[in-house]
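Single-structure report; data block below.
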Amino acid sequence: MSDGLQAIFLANQPALLRFLTARGAGADAEDLLQELWLKISTAATGPVANPLSYLYRAAENLMRDRYRATRQATLRDIAWDESQSPALPGVSDTPAGERVLIAREELARVEAALEALGERTREAFRLHRIEGLAQRAIAAQLGVSISTIESDMRRAYRAILEAREDRE
């Protein structure tokens, strides 16, 4: 990137940010500005006749690309949801009473299996699978080694698998 384009970007950064915000970028304006910087700093550009216009056009194009990508993702998600829903239009997709009872029974079996493993194993499993903590953080929180947490997780997974197999 030429030093001139870099200098013009840095000198006009607040104005470019206002431009993106005014054009509807909202909270994404700073992200788009950072993306613009990355794009122009890595692109091989020749001499630019009007560098400020070039930057505004590039910012507009990035904003337009992000809008299109977000819109496409939303439409794709809606189409996926509609294609995966077992319900017909106008028919509830709430699970039947039998499925609810089966799920509750399976949950009770899994909870009982975890309960039988002891407090530390149950807590390690909950922190990792439900709270999303890393095993290293769980080990520090519970005051044990990482290998102990790994062992506890293996025991919990094995107990859950056995509880689910008992159903069959």
Side-chain angles (χ1 to χ4, degrees), residues 13 16-43 58-168:
Q13 191 172 355
L16 287 165
L17 185 61
R18 283 192 307 275
F19 170 78
L20 288 168
T21 303
R23 300 291 259 161
D28 292 337
E30 289 184 6
D31 292 340
L32 285 166
L33 194 62
Q34 178 68 23
E35 195 173 333
L36 176 62
W37 172 257
L38 291 173
K39 188 170 184 134
I40 65 172
S41 66
T42 58
E60 173 96 18
N61 289 342
L62 283 175
M63 196 171 80
R64 207 174 283 142
D65 289 346
R66 183 169 289 190
Y67 169 76
R68 286 181 187 142
T70 302
R71 186 168 173 265
Q72 263 318 102
T74 302
L75 292 174
R76 185 178 53 246
D77 289 346
I78 290 170
W80 172 258
D81 288 344
E82 288 175 356
S83 72
Q84 297 302 309
S85 176
L88 299 171
V91 177
S92 174
D93 61 349
T94 303
E98 181 182 9
R99 288 187 65 205
V100 171
L101 290 175
I102 291 170
R104 284 182 183 161
E105 289 173 359
E106 186 170 348
L107 176 62
R109 279 194 308 276
V110 168
E111 285 177 339
L114 289 174
E115 189 71 31
L117 295 177
E119 178 64 29
R120 187 190 68 222
T121 302
R122 190 174 55 255
E123 183 66 8
F125 179 80
R126 185 189 67 76
L127 288 171
H128 183 64
R129 296 301 298 176
I130 304 207
E131 301 296 327
L133 289 179
Q135 290 181 0
R136 183 177 306 277
I138 296 168
Q141 183 174 336
L142 298 180
V144 296
S145 69
I146 294 174
S147 62
T148 301
I149 296 300
E150 291 170 348
S151 175
D152 287 347
M153 293 303 295
R154 281 192 299 274
R155 288 180 51 223
Y157 287 132
R158 192 175 313 113
I160 290 170
L161 183 61
E162 289 171 2
R164 294 189 73 198
E165 287 174 351
D166 287 345
R167 171 179 57 107
E168 299 166 355

By side-chain contact (heavy atoms from CB on, under 4.5 Å), which residues pair with [X], not counting sequence neighbours?
{"X": "L38", "answer": "Q34"}
{"X": "A25", "answer": "L20, A29, L32, M63"}
{"X": "E60", "answer": "F19, R23, R64"}
{"X": "Y157", "answer": "F125, H128, R129, M153"}

Kindly write out the residues that satisfy side chain to side chain donor-acceptor pair (under 3.5 Å) with [X], not counting sequence neighbours, or none if the list is empty.
{"X": "E131", "result": "R126"}
{"X": "E119", "result": "R122"}
{"X": "R18", "result": "none"}

Side chains of Q72 and L75: closer than 4.5 Å at any heavy-atom pair?
yes

Contacts of D65 meeting salt bridge (Lys or Arg N to Asp or Glu O under 4.0 Å) (sequence neighbours excluded), chain-then-number -> R68

Between L36 and A58, the two heavy atoms sitting closest are CD1-CB, 3.4 Å

Only residue of E115, E105, R164, E162 satisfying side chain to side chain contact (heavy atoms under 4.5 Å, CB included) with V110 is R164

Here the gap from E35 atom CD to I40 atom CD1, rounded to the nearest 0.5 Å, amounts to 12.0 Å

Interatomic distance, OG1@T121 vs CG@L142, rounded to 0.5 Å, equals 9.5 Å

So salt bridge (charged side-chain N to carboxylate O under 4.0 Å, His left out) across residues 137-156, not counting sequence neighbours, yields R120-D152, D152-R155

Applied to residues 133-145, the side-chain hydrogen bond (donor to acceptor under 3.5 Å, both in side chains) test, sequence neighbours excluded, yields S145-S147, S145-T148

